[in-house]
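FYI, the numbering just counts along the sequence from 1. Heavy-atom basis, side chains included; hydrogens, waters and symmetry copies ignored.
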Amino acid sequence: MNGVEAFLLGRALMKIGEQAMPQPKSGPSGPPGSVRSVVVVLGDVVSHPGTTVGEIAARTGLPQSQVSTAVARLEQAGSVDTEPDPADRRRRLIRPAAEPSARVAEVRATTIDDALTAALTGPDGAAPDPDTVREVTAALDLLARTLTPAVTAR
């Protein structure tokens, strides 16, 4: 596999992940791509608790306005808590929520099984071979255990 193939695989996996995310009960969760930015921001907050919007933007490369929107959505969903920064009351410190909300529990409990099966469906609509689905699922489990954000940040 070369870098381009790895990049394209990453994009395909992101699409599968986005398709697997359950929609909030209130309907679609925002404009296209917003799920991606929310997941990126939440991952950064989990890795860097007590961070600020500006720091998240610098680390992720997302525009500060997009990070602010994602933080607001995460706070509303009960995924993060914010508090004033004691060093600069104009800024807010962002931390993962101490207790996950029902929405967070729902997202964490949802598997990618249906989205993965759809992605592996043949161009003619033929269902994928169950052995192939099992092999791909096992490979993804291995990747998830070994290629965590901390490993890939090195």
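Judged as a salt bridge (Lys or Arg N to Asp or Glu O under 4.0 Å), and not counting sequence neighbours, R89 has no contacts. Residues forming a salt bridge (Lys or Arg N to Asp or Glu O under 4.0 Å) with D129 (at least two apart in sequence, or on another chain): none.
Hydrophobic clustering of Ile, Leu, Val, Met, Phe, Trp and Tyr side chains at less than 4.5 Å, counting indirect connections, keeps M14 apart from L116. Using a 4.5 Å cut-off between side-chain heavy atoms of Ile, Leu, Val, Met, Phe, Trp and Tyr, with links allowed through other members, V80 and L93 fall into different hydrophobic clusters. Note on M1 and L147: same hydrophobic cluster, where clusters join Ile, Leu, Val, Met, Phe, Trp and Tyr whose side-chain heavy atoms are under 4.5 Å apart, directly or indirectly. L143 is connected to V133 through a chain of hydrophobic side-chain contacts under 4.5 Å among Ile, Leu, Val, Met, Phe, Trp and Tyr, so both are in one cluster. No continuous path of ILVMFWY side-chain contacts below 4.5 Å connects L9 to V4, so the two sit in separate hydrophobic clusters.
When every heavy atom of A97 is checked against every heavy atom of G78, the shortest pair comes out as CB-O, 3.2 Å. Contact between P22 and E106 at its shortest, heavy atoms only, is CB-OE2, 3.7 Å. Smallest separation of non-hydrogen atoms from P49 and V46: CD-O, 3.6 Å.
Residues R92 and V53 form no side-chain contact, since every pair of their non-hydrogen atoms from C-beta on lies 4.5 Å or further apart. Side-chain contact between T52 and I94 is absent, with no heavy-atom pair separated by less than 4.5 Å. Here the side chains of L140 and L13 are in contact, with some heavy-atom distance below 4.5 Å.
For the residue pair R73 / S79, no side-chain donor-acceptor distance below 3.5 Å is found, with atom types taken as modelled.
Between L42 atom CG and S37 atom OG the span is 11.5 Å, to the nearest 0.5 Å. One finds the CG atom of D81 at 7.0 Å from the CD atom of E75 (value rounded to the nearest 0.5 Å). Taken from CZ in R134 to OG1 in T132, the straight-line distance is 9.0 Å, to the nearest 0.5 Å. To the nearest 0.5 Å, atoms CD (E135) and CG (L120) are separated by 10.5 Å. Taken from CD1 in I16 to CG in D113, the straight-line distance is 11.5 Å, to the nearest 0.5 Å. The distance from the OG1 atom of T60 to the CD atom of E55 is 11.5 Å, given to the nearest 0.5 Å.
Within 6.0 Å of CG on D114 lie no more than 12 heavy atoms contributed by other residues, nucleotides or ligands. Summarising the local packing, CD of E99 is surrounded by 12 or fewer heavy atoms from other residues, nucleotides or ligands at distances under 6.0 Å.
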TODO: For the pair I56 and L62, evaluate side chain to side chain contact (heavy atoms under 4.5 Å, CB included) and give the outcome as yes or no after the intermediate values.
DONE: CA-CA 8 Å; I56 296 168; L62 293 171; 5.7 Å; no

- [ ] Take T110 and M21 through the test side chain to side chain contact (heavy atoms under 4.5 Å, CB included) and record every step on the way to the result.
- [x] CA-CA 7 Å; T110 302; M21 295 277 182; over 6 Å; no

Open item on the list: Please evaluate residues R59 and H48 with respect to the criterion side chain to side chain contact (heavy atoms under 4.5 Å, CB included), reporting the C-alpha separation (whole Å), side-chain torsions for both, the decisive distance (0.1 Å), and the verdict.
Closed with: CA-CA 10 Å; R59 283 190 297 267; H48 304 94; 3.3 Å; yes

